[in-house]
Amino acid sequence: MEPLWQDDTAQRGLHEEALVVDIAGFEGPLDLLLHLARNQRVDLSRISVLALAEQYIAFIENARSIRIELAADYLVMAAWLAFLKSRLLIPQPLKDEGPSGEEMAAALAFRLKRLEAMRDAATRLVNRNRLGRDVFVRGAPEHIPVERRSAFDASLYDLLSAYAALRQRHAVTQVTIEKRQVWSLADAREILARLLGELTDDWTALDHFLLRYMTDPKDRATAIASSFAASLEMVREGQLEVRQDGAFSPIYLRKGVKPPRGPEGGRT
Amino acid sequence: MSGSQGALPGMIEEEDGEEAALLDQRRATEAERIAEALVFASAQPVTESYIASRLPKGADVAKIMQRLKAFYAPRGVNLLQIADSWAFRTAADLSFVVQTDENEVRKLSRAALEVLAIIAYHQPVTRAEIEDIRGVQTSKGTLDVLMEAGWVRFRGRRRTPGRPVTFGTTRDFLDHFGLEELRDLPGLEELKGAGLLSGRIPANFQIPMPRGDDDLAEDEDPITQLDLEELGLLTPRGEESE
Amino acid sequence: MSGSQGALPGMIEEEDGEEAALLDQRRATEAERIAEALVFASAQPVTESYIASRLPKGADVAKIMQRLKAFYAPRGVNLLQIADSWAFRTAADLSFVVQTDENEVRKLSRAALEVLAIIAYHQPVTRAEIEDIRGVQTSKGTLDVLMEAGWVRFRGRRRTPGRPVTFGTTRDFLDHFGLEELRDLPGLEELKGAGLLSGRIPANFQIPMPRGDDDLAEDEDPITQLDLEELGLLTPRGEESE
């Protein structure tokens, strides 16, 4: 068996005294979740999603507490899981308010199961008898059958890589170093757009989870401002709808009615 | 040999049945020899249509190839079908003798391997779908490596808004992993049956909530902080089932 | 290995005759399979001593090879002895099937690939525009090669001073590269996503969406017979430079 992944994170219990937080070995939040799920030592279809959410959030909070920089993906997932957790624990305040905690949990478990299935498939694939390792071609071929009408050989990949390399070479590379901001409008927009994928047609109060996990308390003001501005822009484009029942009450989001606009943009 | 328009109608009439059968036999053997030579001479798989184009008119290529396949099955060199093509390959059980130090197989990163599997099982698949399954952006170079290896290709575009490009695997992919066709992908049927190859959650896919709190009845209390700690600490019962 | 034929004399004594014969038979078949695979996979003829080194101790290589030789003699592929080595070769009487493809497939040069890609993405495009994008002069031979391959055609003439000829791709181009239509060519995001374009590109960098149709652009005139003749004169064939 060719090991796909050196599972060196196995002993890294979350309740140990000296907690080592290292997400370097993980391929994104789903991977981390899958790893945590495996530690539950049950079949994925019998997993405790709630416990899993707890573990993940604890993991992320630990990472944040020792000031490890986490990719936005991990934080978005933490926000979503915190939301899921609240859905699972607290009776829902509004009747018409979107997917139940159970539905959300099932969706997550499905994604985990699917990822695990693909990982298993990859293992089985890579351990098959492979050409050049277990099975061999004719060492001294006597001819190459010409099957194409064309007398020239080139693949689409050849063509595209030649083009891309050429254009790249000639592109005027002017590097602008952006001022590092904690929450630029673009950041906020990207994160919102990603969360949008998790949203349904129903109102969802996601914003305060987002803020809780995406920012330090001191950055909260800028985060609120940026994400609110970004959400307004997305509302204008029809990708998002927002609702607020009163001042300082939670902001609800849901998918807009219009599909995302094409890349033409209008401006030149 | 359909109808009376055989290559040499005059001759056939002159001969009795036995001789005709002998001639047929000789023709079949000759066709087999040609097909054998064509495929044997090439390191790459040879398409059945190309073989057909080199055989006498009316030869039943499919049948010839099946006969050859059976003939070589017990031998040290096997005739394999790969998609619409045929190739001779050493028998897999002899890998230990044939192996030399030069035989190096491309080592793929874990990410690349995962992406390859997703493309193989879900094709045609868009990049967004791959990322949805993995829950992470595909890093630069991952798809590049797979395309350069000749295992993955641009297939076309999805007929949905935005017309995203779709990816699929190649014949070289089948050849490399010893697959006759995509249907031979290990576990494909089970995965399909379990609904794990579709984007949507299958209807029968249900996750029992821990401690039945999915049906929080009116006479039940919500879970307390204590319960939570317990949940976090305790691994749910049940044995390893993988 | 010459002389004593009994592979393992000690064992044979212990077993009764029939079983021993069966075992012998199986051993012989296995040795044959190994020898076959070794010779097949090797780029050079394989020496008998090398084959012997890979066979179970005591196997009679000379006899095995002779048996294999006899086995392949009537087939489309023969096992030949060359000095003290062995190799597979197409049966001499079938060399015509293998050798008819003397027009070898040529690999397209880098320059030709670039020009072809530019024509595909930027069509209708003039030669001056191609050179502008590539930053170098395009040699006559490059376009000739692409025309010869049947992938590039004259589309029309640009309605600008000098009325330069515009180039476009052909149906054969789409067929060869497995594209349904020109719009299937990946765009900027997709090239980036596949790792073909790196992240370091200026904001105003664009990949054109190729015109999918045969219709002439607003500033294009159709090519006339006269134009073609003129062009034929203008393009001296030969002097393939790439």
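Not measured: the values here are computed from a predicted model. In what follows, chains carry the letters A, B, and so on, assigned in the order in which the sequence lines appear, proteins first and then strands, with residues in each chain numbered from 1.
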(request) Please name the pair of heavy atoms, one in C:Leu197 and one in A:Ala164, separated by the smallest distance, quoted to 0.1 Å. (result) CD2-O, 3.5 Å

(message) Can you tell me which portion of C:Ile207 sits under 4.5 Å from chain A's heavy atoms? Options are side chain, backbone, both or neither.
(response) both

(request) Heavy-atom distances under 4.5 Å only: say whether C:Gln206 touches chain A with side chain, backbone, both or neither. (result) backbone

(message) Is the shortest side-chain heavy-atom distance between A:Tyr163 and C:Glu114 below 4.5 Å?
(response) no

(message) Quick one: does any side-chain atom of A:Arg167 pair with a main-chain N or O of C:Ile118 as donor and acceptor, under 3.5 Å?
(response) no

(request) Provide the closest heavy-atom pair for C:Leu196 versus A:Gln168 in the form atom of the first, atom of the second, distance. (result) O-OE1, 4.2 Å

(message) Tell me whether the count of non-hydrogen atoms from other residues, nucleotides or ligands lying under 6.0 Å of CD in C:Gln81 goes above 12.
(response) yes

(request) Against chain A, label C:Phe205 side chain, backbone, both or neither, depending on which of its atoms sit under 4.5 Å from a heavy atom there. (result) side chain

(request) Side chain from CB out, backbone as N, CA, C, O: work out which of these in C:Ser42 comes under 4.5 Å of a heavy atom of chain A, or both, or neither. (result) backbone

(message) Using heavy-atom distances under 4.5 Å, tell me whether A:Ser155 contacts chain C through its side chain, its backbone, both, or neither.
(response) backbone

(request) For C:Ala43 and A:Ala140, work out which heavy atoms get closest and say how close. (result) O-CB, 3.4 Å

(message) Let me confirm one number: the CG-OH distance from A:Leu166 to C:Tyr121, rounded to the nearest 0.5 Å.
(response) 12.0 Å

(message) Does any part of the side chain of C:Phe177, heavy atoms only, come nearer than 4.5 Å to the side chain of A:Asp158, both counted from C-beta?
(response) no

(message) Which heavy atom of A:Ala165 sits nearest to which heavy atom of C:Arg110, and what is that distance?
(response) CB-NH2, 3.4 Å

(message) Distance check, rounded to the nearest 0.5 Å: A:Leu159 atom CG versus C:Leu116 atom CG?
(response) 5.0 Å

(message) How close do A:Leu160 and C:Leu185 get, counting heavy atoms only, and between which atoms?
(response) CD2-CD2, 4.2 Å

